[in-house]
Amino acid sequence: MRTVPRLSVIVPFHDVEEHVGECLDSLRAQTLTDVEYILVDDGSTDGGPSVAAAFAAADPRFTVIRGPGRGPGPARDAGIARATGAYLAFADGDDMVPPDAYRTMVETLDATGSDLACGAVTRVRRDGTVKSRSVTPGFGRTVLRTHVRANRDLLQDRHVTNKVFRRSFWDAHGLTFPEGPYEDAPVAIPAHVLSTATDVLGDAVYLWRARPGSARDRRGDPERVARSLASAAAVSAFLAAHARKLRRRHDQHIAETEFPLLLDMLATARAGIARRLFDSARASLDALHPAAAVGLPALQRLQIHLVREGMPKELAAVQRFARTEIDDHGLVRHGTRWYFDYPFLGDPRVPEEVYEAGPELRAHAVVDDVRPGGGGLRVTGHAYLSRVDSKLCDVEVWLASGDRRIPLKARRAERPDVTADSRQSAVSHDRSGFVADVDPVRLPEGTWTLHARVSARGVERAERASGHRDAGERAFRLGDLHVSLTAHDGLVLTAGAATAEAPGAPVSAPVVTGVRWTDAHELVLGGEGGSRTDRVALQLGDAGERHEWPVEWSGSQFTATVGVTPCGLPPRSGRWRVLLGDRPLTLAPELLAAPPEPHTTSVHRISFLPGPGGELRLLVRPALRPDERGRYALRRLRGTARHHRTRIRDAALFDSYGGGQYSCNPRAICEELRRRDLGLDLVWVTRDGQFTVPAGIRTVLYGSREHEEALGTSRFVVANRRTQPSWYAKRPDQTFVQTWHGTPLKRLGRDVRGKPLANRDLYEGLDRYAPMWDVLVSPNPFSTPILCRAFGYEGEVLESGYPRNDVLLRPGHAERTRRALGIPDGLRVVLYAPTWRDDEHARRGRAALELDAARVAGALGDDVVLLVRTHYLMTGRVATPIPWAGGDATPGVPGRAPEVLGGRAFDVSSFPDMADLLAVTDVLVTDYSSAMFDFACTARPMVFFTYDLERYRDQVRGFYFDFEKEAPGPVVRTSDEVAGAVGAALANLSRPSPARYRDFAVRFCPYDDGHASERVVDRMLT
């Protein structure tokens, strides 16, 4: 006769074949053995039921039953009806449970007599595990026999899977699960309230795998957002009836976590969906506590008020304002109070208190530098109130140690760089700087930190000063005083007996004792120590791009000169580690105490940035002056016509991908103009100096006064994206040629509205940009109506074919590019070139590397080389090429060798022009990239690696035609399938293209004859 188990675990599952085995393995491994597992199949169509059946056949503790098919809530209730244990627990079929979890919770309940036990949750991700504070923030330590009224953080414990319930408690209160998603909270929160006592365990008792319905995925599902709010409203109603004092706290948490998601969804959803979601949200908001939004920022309070009051048009206007104008608006003062200058301020339908500046009006206090000076220690910093002009503010600074306080006499200083870095244009913070001197001799013993108070006509805020994000990590001694400055801790001064030794370089570590710059902007480093090595290196971050230069030794002394990289370019913007061989160079104590001043070249501003332990690091940024960068500078230029009175010049300004490349259609047009030798001043915009240009062409730095002058006076402006500064307004006597950069498969511009994961930059601002174009270049008749509609463009369209494709049909060009890449004769070339995905930021940049390049290259054999070219928006976020000494470069293309990704797979993401790579390619592997339309004119084969087809098509961008039906090559999902399809294509290179491919080329490449550049230039000169 079977005994009654101590614990019943209910496990609903539905189409979780990938993970259900892991889940059941973790249950079988529980150290609590007196347990039954009721597996509820809620209508699976995958192999999950067979996995569950196998466990049930092998272990009598497992039982499989059929659920009602109405979601996890009713499935759990069906399992409860079959449960016989004295305790109840729940697990989801794609999660896991640590081995001791159930034993610990059951034994704890046996000992305490509480009604439920709960514990922390660990989130399972692809890259490992992390404690999930968003699920269980109140589980920092074990507390027995507590209650939600005593520990209100438990109001955020909205899951049932991290709990064990006493069955008698469950039955006494008739707890049941609702249908639909978000079924946990209407059970978990009432259970906390109704219990007599709860045991809280600090250890993790559940391993939760993120699944659809998480915050990120809910962006793509308005119904889930609405259901989540409805679930929260149901809990709020329960609390209103049973625990009124807890309701406001619960609803405020919902406001903080769910309202931003709701408002974001309302801003992106299509009109019909947005209206239904608006109505659903309004009903849910009405069910929440009236003061739920009180602690939120004013912008969210305003939007929530508009939802509550049924004002969807006004809400849309506020959301447009938030995306495009908010950083141009500051605060206004009414009486003694400050209010944010947001839309409808003063409208009687919106109470003025909605706009009142609360916690988001904060002081920014920063220490920028500290070094010996002024007879002691000189501290430089800045402090201001966000969105309040610094001329209206008073600033006090002091040192604090516990309750002790030492006021400092601070001198105000002009700091236009603070305004430039403030990410707003509403007010000036030029007067926010301060300089204060500290006398180390008079500083009492103790540990002292710097604080600042900023006040302005009725409002004041005080903050402990942080360190500037570009200050690095510095620690040095000044007499008996230990000085530390870091971004996190700010300035810390330790005086007297508490003084600690400043960390020094390890014995024999290489130390930089001197630095200087040459007239050629080369950095000369002198130092001593360390093992002898013949190379000094710059490395981007911890494992990024690397460049090397020779080292000269004289005994233990070394000298190294760091200049342009071996491919002739300056190091790109970023934070570079300086290494002697593979060991970090450290700064000598005197250089750490007073780092050299920044050095400025024509392109970059290079600062010395000490790292941990005094490591030498260089911060490289574009060399823009404060009045050339930031939103404040842009606003001063926006709408002005300072160059419209200047005579137009015989010049052409070119912008490819926002100044990132010398490439694409602008390059082809530029070279045609250069070939014709018309006497034009040919000017290219560069953001970071990461390309070279042929003789006779000059560059200007994006955003600089030189760029402003060139953009305002050149007769021709040629661009392939919408990357002109926001202040630019085309002159009537200018000709603006917009070439764009690809035949559209994926939707763009206005056509992506309503795609929840699409980047808003694709369509916002078109009303300003498109009317400035005089000519829109179209590659084919298919693209013309799409581009016009997507951009809202009504001007002239030139169906010329794409100038960038001329090189694909130009004799000898492929051979020159092969030499530039260093590809030996006889090797066949496969190029993998995926497109950008708008949701890359949420997916940690993984999409560009989904292909197992080394595996594919290995399968293709020794006579094939695989090149990997990530989209230009991804370059720099994945591996980048190392320099190549030698090779015959094509015009404007520095010789570069690809970085090895494994075997015969190489990364060519930073090779300047995609067209050159297509010219040498025998087989193209891509996904939804417009490269397919360019490459089709070659008649060479293509393979389409579309591992995320449904997500990309339905949520990210959408397509203009049936891609699976019309793709001119096999559509595959895995790296092995890629290898197989490419191998077959290579074996059939000599065969004619199939009819499907030929039809594709006729449709999309009708003008690709090698002369598109000539046609565009002819139009420009008419």
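Position 1 is the first residue of the sequence; numbering continues from there.
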Salt bridge or not for R103 and D100, using N-O below 4.0 Å? yes
Electrostatic pair E950:R973 at N-O distance under 4.0 angstrom: yes
Is it the case that atom CD in E107 sees more than 12 heavy atoms from other parts of the structure closer than 6.0 Å? yes
Salt bridge (charged side-chain N to carboxylate O under 4.0 Å, His left out) between D863 and R828, intermediate numbers included: CA-CA 6 Å; D863 63 339; R828 292 176 294 178; 2.9 Å; yes
D999/R996 salt bridge by N-O under 4.0 Å criterion: no
What I want to check is whether the side chains of T45 and D15 have a donor and an acceptor closer together than 3.5 Å. yes
Using the six-membered ring wherever Trp is involved, compare the ring planes of F933 and F1000 and label them parallel, tilted or perpendicular (cut-offs 30° and 60°). parallel
Do S228 and E258 have side-chain N/O donor and acceptor atoms under 3.5 Å apart? yes
Neighbour count above 12 (heavy atom, 6.0 Å) for R940 CZ: yes
Please confirm whether the backbone N or O of A984 pairs with a side-chain atom of N988, one donor and one acceptor, at under 3.5 Å? yes
Are the aromatic ring centres of F961 and F959 under 6.0 angstrom apart? no
Is R82 salt-bridged to E36, cutoff N-O under 4.0 Å? no
Determine whether R953 and D948 satisfy the following criterion, salt bridge (charged side-chain N to carboxylate O under 4.0 Å, His left out), listing intermediate values before the conclusion. CA-CA 8 Å; R953 179 191 62 211; D948 61 347; over 6 Å; no
In this structure, is the centre-to-centre distance between the rings of Y928 and F945 below 6.0 Å? no
Before you tell me yes or no, could you show the steps for D42 and R70 under salt bridge (charged side-chain N to carboxylate O under 4.0 Å, His left out), namely the whole-Å CA-CA distance, both residues' side-chain angles and the distance that decides it to 0.1 Å? CA-CA 7 Å; D42 204 40; R70 300 198 310 272; over 6 Å; no
Got a second to check how far Y102's OH is from S26's OG, nearest 0.5 Å? 7.5 Å
Check: S909 side chain, T870 main-chain N or O, donor-acceptor pair, under 3.5 Å: yes
Exercise: do E256 and H253 side chains pair donor with acceptor under 3.5 Å: no
Salt bridge (charged side-chain N to carboxylate O under 4.0 Å, His left out) between D184 and R76, intermediate numbers included: CA-CA 11 Å; D184 279 23; R76 286 174 175 163; 2.5 Å; yes
SB check D41 R66 (cutoff 4.0 Å): yes
Do we get R61 above Y37's six-membered ring, with its NZ or CZ under 6.0 Å from the centre and within 45° of the axis? no
